[in-house]
2 protein chains.
Amino acid sequence: MAGLCCNRAMSTNPPSPAKRHYLQADTLIRSTGARLTRPRVEVLAALLAAEQALSHHELEERIDRSVDIDRVTIYRVLDWLTAQGLAHRIAGDDRVRRFNAAGHAHEGAHAHFQCERCGTVLCLDEFSADPVVRLPRGFRPQHYELTVKGLCAGCGPSRRADTRTPAHRH
Amino acid sequence: MAGLCCNRAMSTNPPSPAKRHYLQADTLIRSTGARLTRPRVEVLAALLAAEQALSHHELEERIDRSVDIDRVTIYRVLDWLTAQGLAHRIAGDDRVRRFNAAGHAHEGAHAHFQCERCGTVLCLDEFSADPVVRLPRGFRPQHYELTVKGLCAGCGPSRRADTRTPAHRH
DNA sequence: GCCTAATTGCAACTGAATTGCATTAATGGC
DNA sequence: GCCATTAATGCAATTCAGTTGCAATTAGGC
């Protein structure tokens with residue numbers, strides 16, 4: 001598995017369909033010039049593989065199977081990835097931070113969707129916000145973040161209360 | 001002081017310039033049909049008087065002088081005010097919730113400014129977001145929240161590092 | 001003035017995130 | 001390939017915002 005940090009640990013893993021994300025993570029981490037470590041690769045690969053923004057808990061769940069990485073390390077790796085611009089942090093309404101791989105060219109404007117029922121956070125396409133709001137004198141905008149709140153496809157009004165359990169929470 | 005809950009406690013206070021906000025709070029709380037209590041009036045008056053969104057801490061600071069109200073009560077009053085539509089909750093990037101009196105006609109779209117240096121949160125005028133983003137099939141938008149991040153007038157690049165202490169935090 | 005349900009106060013608790021420090025291991029130089 | 005060095009990790013304890021359970025208080029109707 002192309003230069004994965006600890007060559008012994010990974011050599012026994014069968015080639016998984018998620019392999020691509022590991023390789024991608026590997027390359028991205030190398031490109032920063034910092035050390036290539038197991039936790040970094042695992043966390044970034046998980047983010048790359050995810051179709052939605054992941055909380056710390058969700059990350060723990062998706063990683064633990066093979067290795068087990070300390071909670072704190074995951075926090076630190078996430079901070080590091082964010083600082084490197086490889087991940088992107090979203091402050092949820094529920095005081096939980098969620099992350100996704102910063103694939104999209106998030107220049108200075110992001111948009112997210114957060115489901116009010118199940119909490120899922122999704123990264124939407126960019127939008128242009130600059131002209132829309134007017135700031136007081138002397139205020140300098142740097143980033144724009146649009147959060148759309150509502151119900152996701154799975155939690156929509158068509159299938160109510162019983163057909164779906166509040167997922168991705170707790 | 002026009003029908004303030006406990007008539008004995010307030011009668012000794014000199015007519016303050018902030019009196020207007022107390023009267024306003026009084027009226028707003030009455031209008032809900034629920035009980036008019038000291039903590040509710042104090043908290044709402046503080047929010048009405050504030051020029052920015054206030055955190056729980058900031059509220060405690062601004063109230064404690066005369067009466068002292070339990071932390072938990074403030075949390076509960078804030079929840080109640082929010083539920084009544086009298087206050088509006090903003091989830092900050094720093095995992096701290098801030099509140100402001102829901103004066104503006106916040107229909108389904110708000111905009112806030114958060115200073116990345118001092119943390120101050122300001123309520124901006126409305127904006128129209130509906131057309132800007134496209135959601136996946138089956139997703140139903142309910143509220144739109146635009147957060148502009150950057151530097152406030154006091155923290156702007158003209159006066160750097162030393163001339164200003166990071167205010168409104170801790 | 002009295003009653004009763006709505007509020008409040010207190011104490012203990014939760015859950016996300018952070019900090020300090022000793023240990024481990026990725027990488028560059030040999 | 002082996003070693004040193006220093007960045008990264010693991011562990012334990014801590015912080016901090018917010019919540020919960022329950023007994024004591026009190027606003028508002030009679």
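Per chain, numbering begins at 1; letters A, B, ... match sequence-line order. Source: prediction; values computed, not measured.
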Find the distance between CZ (B/R95) and CZ (A/R95) and round it off to the nearest 0.5 Å.
4.0 Å
Please report the C-alpha distance between B/Y144 and B/H110 in whole Å, then the side-chain angles of each, then the deciding distance to 0.1 Å, and finally whether the side-chain contact (heavy atoms from CB on, under 4.5 Å) criterion is met.
CA-CA 6 Å; B/Y144 293 87; B/H110 317 226; over 6 Å; no
Given C/dA5, D/dG10, D/dT9, which nucleotide is nearest the side-chain atoms of A/R40?
D/dT9
Would you say B/I63 and B/F99 are hydrophobically clustered, going by side-chain heavy atoms of ILVMFWY under 4.5 Å?
yes
Mind running side-chain contact (heavy atoms from CB on, under 4.5 Å) on B/V148 and A/F139 for me, showing each step along the way?
CA-CA 10 Å; B/V148 183; A/F139 281 59; over 6 Å; no
Pick the closest DNA chain C nucleotide for B/T73 and for B/R95 by heavy atoms, then say which residue is nearer the 5' end.
B/T73
B/D93 CG - D/dA17 C1' separation (whole Å):
16 Å
In whole angstrom, what separates A/L36's CG from C/dG28's C1'?
15 Å
Find the distance A/R30:CZ to C/dG28:P and express it as a whole number of Å.
10 Å
Ignoring hydrogens and geometry beyond distance, is the side chain of B/R35 in donor-acceptor contact with the base of C/dA6 at under 3.5 Å?
yes
Treat each ILVMFWY residue as a node, draw an edge where side-chain heavy atoms are under 4.5 Å apart, and state whether A/L124 and A/V121 are in one component.
no
Can you check the B/I74 CD1 to C/dC10 P distance for me, whole Å?
12 Å
Please identify which of these residues, A/D26, A/T32, A/T27, meets the side-chain hydrogen bond (donor to acceptor under 3.5 Å, both in side chains) condition with A/R30.
A/D26
Please figure out whether B/H56 or B/A34 has its closest DNA chain D nucleotide nearer the 5' end.
B/H56
C/dA12 P sits how many Å from B/D70 CG, rounded?
13 Å
Rounded to whole Å, how long is the line connecting atom CG of B/D68 with atom P of C/dC10?
7 Å
Would a hydrophobic clustering, with Ile, Leu, Val, Met, Phe, Trp and Tyr connected at side-chain separations under 4.5 Å, put A/V77 with A/V72?
no
Could you go step by step and tell me if B/W80 and B/L44 meet the side-chain contact (heavy atoms from CB on, under 4.5 Å) rule?
CA-CA 11 Å; B/W80 181 82; B/L44 184 50; over 6 Å; no
Please determine if a side-chain N or O atom of A/T37 lies less than 4.0 Å away from the OP1 or OP2 oxygen of D/dT9.
yes
Just the rounded figure in Å: distance from P of C/dT23 to CD1 of A/I69.
22 Å
Quick one: bend of the helix from C/dG1-D/dC30 to C/dC30-D/dG1 from 5 pairs per end, to 10°?
30°
Expressed as a whole number of angstroms, how long is the span from A/E42:CD to D/dG10:P?
11 Å
Verdict with supporting geometry, B/L48 and B/L28, side-chain contact (heavy atoms from CB on, under 4.5 Å)
CA-CA 11 Å; B/L48 287 166; B/L28 286 166; 4.2 Å; yes
Between the protein and nucleotides 18-22 of chain C, list every N/O to N/O distance that falls short of 3.5 Å.
{"from": "C/dG20", "atom 1": "O6", "to": "A/R76", "atom 2": "NH1", "distance (Å)": "3.4"}

